Amino acid sequence: MQRRKLLLALAAAPIASFGIRAHARPKTMKDIEALQKSWKSFLPAGASVPSPGEPMKLSDQEWSKRLSPQSFRVLRKEGTEHAGSSPLNDEKRAGIFACAGCDLPLFTSDMKFESGTGWPSFFTTIPGVFEQKKDFFLIYPRTEYHCIRCGGHHGHVFDDGPPPTGQRWCNNGVALKFLPKDAKA
């Protein structure tokens, strides 16, 4: 009986250690700052990404050719996808979440958490990638955020996220693309 317990414990150890690492979050704002500064370490080797300072302006017709109809509705018309519809909600690999409109890196995989809302959620962002504005669409004010490079609508930020930021950047999955760290550029 002891041997069986030992074998089960040894078999479960790699899974348990992965679970602990995968769910470890920064505990202080200094940890958040370090995570934000190290975002490039999540890029695939040799990846080339645009700068927030390179604006991208296209006509609606050009955007509609570039984007899927659902991505166009969300990014360009400030729509919302159905909760639970994005495969990126379950994305667990190391990498970068970039704007589906212009490829600007927005979040790293270590900034993501499971909020239970049905949308990909993040507790912080790569610095300098979003502009914010107040949205009164549902009567009460919400903070909406848009890609600083292309102006694409991504979602809303709420003050009900995990510590230490307390933020939940609730993002539409169709407004994102995922670049896995282990992919070839």
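Heavy-atom basis, side chains included; hydrogens, waters and symmetry copies ignored. Every value quoted in this text rests on a predicted model; they were computed, and no experiment measured them.
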Mind checking whether Val157 and Val74 sit in one hydrophobic cluster, side chains of I, L, V, M, F, W, Y counted as touching below 4.5 Å? no
Between Val174 and Leu88, is there a shared hydrophobic cluster once you connect ILVMFWY residues whose side-chain heavy atoms come closer than 4.5 Å? no
At what distance, to the nearest 0.5 angstrom, does [atom1] of [X] lie from [atom2] of [Y]?
X: Cys150; Y: Asp103; atom1: SG; atom2: CG; value: 9.5 Å
X: Asp31; Y: Asp110; atom1: CG; atom2: CG; value: 11.5 Å
X: Lys181; Y: Leu179; atom1: NZ; atom2: CG; value: 12.5 Å
X: Gln167; Y: Phe158; atom1: CD; atom2: CZ; value: 12.0 Å

Locate the shortest heavy-atom distance separating [X] from [Y]; write the atom from each residue and the value.
X: Ser121; Y: Ser115; answer: OG-OG, 2.8 Å
X: Leu104; Y: Pro50; answer: CD1-O, 3.5 Å
X: Arg93; Y: Phe178; answer: O-CZ, 3.4 Å
X: Asp160; Y: Arg168; answer: OD1-NE, 2.8 Å
X: Glu91; Y: Lys112; answer: O-NZ, 3.4 Å
X: Val129; Y: Pro105; answer: CG1-O, 3.3 Å

Residue pair [X] / [Y], side-chain heavy-atom distance below 4.5 Å:
X: Arg66; Y: Met56; value: yes
X: Pro164; Y: Ile32; value: yes
X: Lys77; Y: Asp60; value: yes
X: Cys170; Y: Thr117; value: yes
X: Trp63; Y: Leu75; value: no
X: Ser86; Y: Asn172; value: no
X: Thr108; Y: Phe122; value: no
X: Leu106; Y: Ile126; value: no

Looking at [Y], is its backbone amide N or carbonyl O close enough to the side chain of [X] to form a donor-acceptor pair, meaning the two atoms are under 3.5 Å apart?
X: Glu81; Y: Gln70; value: no
X: Trp39; Y: Ile96; value: no
X: Arg149; Y: Cys102; value: yes
X: Asp90; Y: Pro87; value: no

According to the interplanar angle, ranging from 0 to 90°, do the rings of [X] and [Y] count as parallel (below 30°), tilted (30 to 60°) or perpendicular (above 60°)?
X: Phe113; Y: Phe123; value: tilted
X: Tyr145; Y: Phe107; value: perpendicular
X: His156; Y: His153; value: perpendicular

Between the side chains of Glu62 and Ser59, is a donor N or O closer than 3.5 angstrom to an acceptor N or O? yes
Please test His154 against Leu176 for side chain to side chain contact (heavy atoms under 4.5 Å, CB included), starting from the C-alpha separation and ending with a verdict. CA-CA 8 Å; His154 279 266; Leu176 296 171; 4.0 Å; yes
Step by step, would you call Trp169 with Met111 a side chain to side chain contact (heavy atoms under 4.5 Å, CB included)? CA-CA 10 Å; Trp169 294 77; Met111 296 172 178; over 6 Å; no
Please lay out, stage by stage, how Leu35 and Phe42 fare under the test side chain to side chain contact (heavy atoms under 4.5 Å, CB included). CA-CA 10 Å; Leu35 179 61; Phe42 289 84; 4.3 Å; yes
Sidechain N-carboxylate O distance under 4.0 Å for Arg142, Glu144: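 A salt bridge is absent here (no side-chain N lies under 4.0 Å from a carboxylate O).
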Would you check, one step at a time, whether the test side chain to side chain contact (heavy atoms under 4.5 Å, CB included) holds for Met29 with Thr165? CA-CA 7 Å; Met29 288 310 290; Thr165 64; 4.2 Å; yes
Count the heavy atoms of every other residue, nucleotide or ligand shown that sit under 6.0 Å from CD of Gln61, and state whether that count exceeds 12.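 Atom CD in Gln61 is not crowded, with 12 or fewer foreign heavy atoms closer than 6.0 Å.
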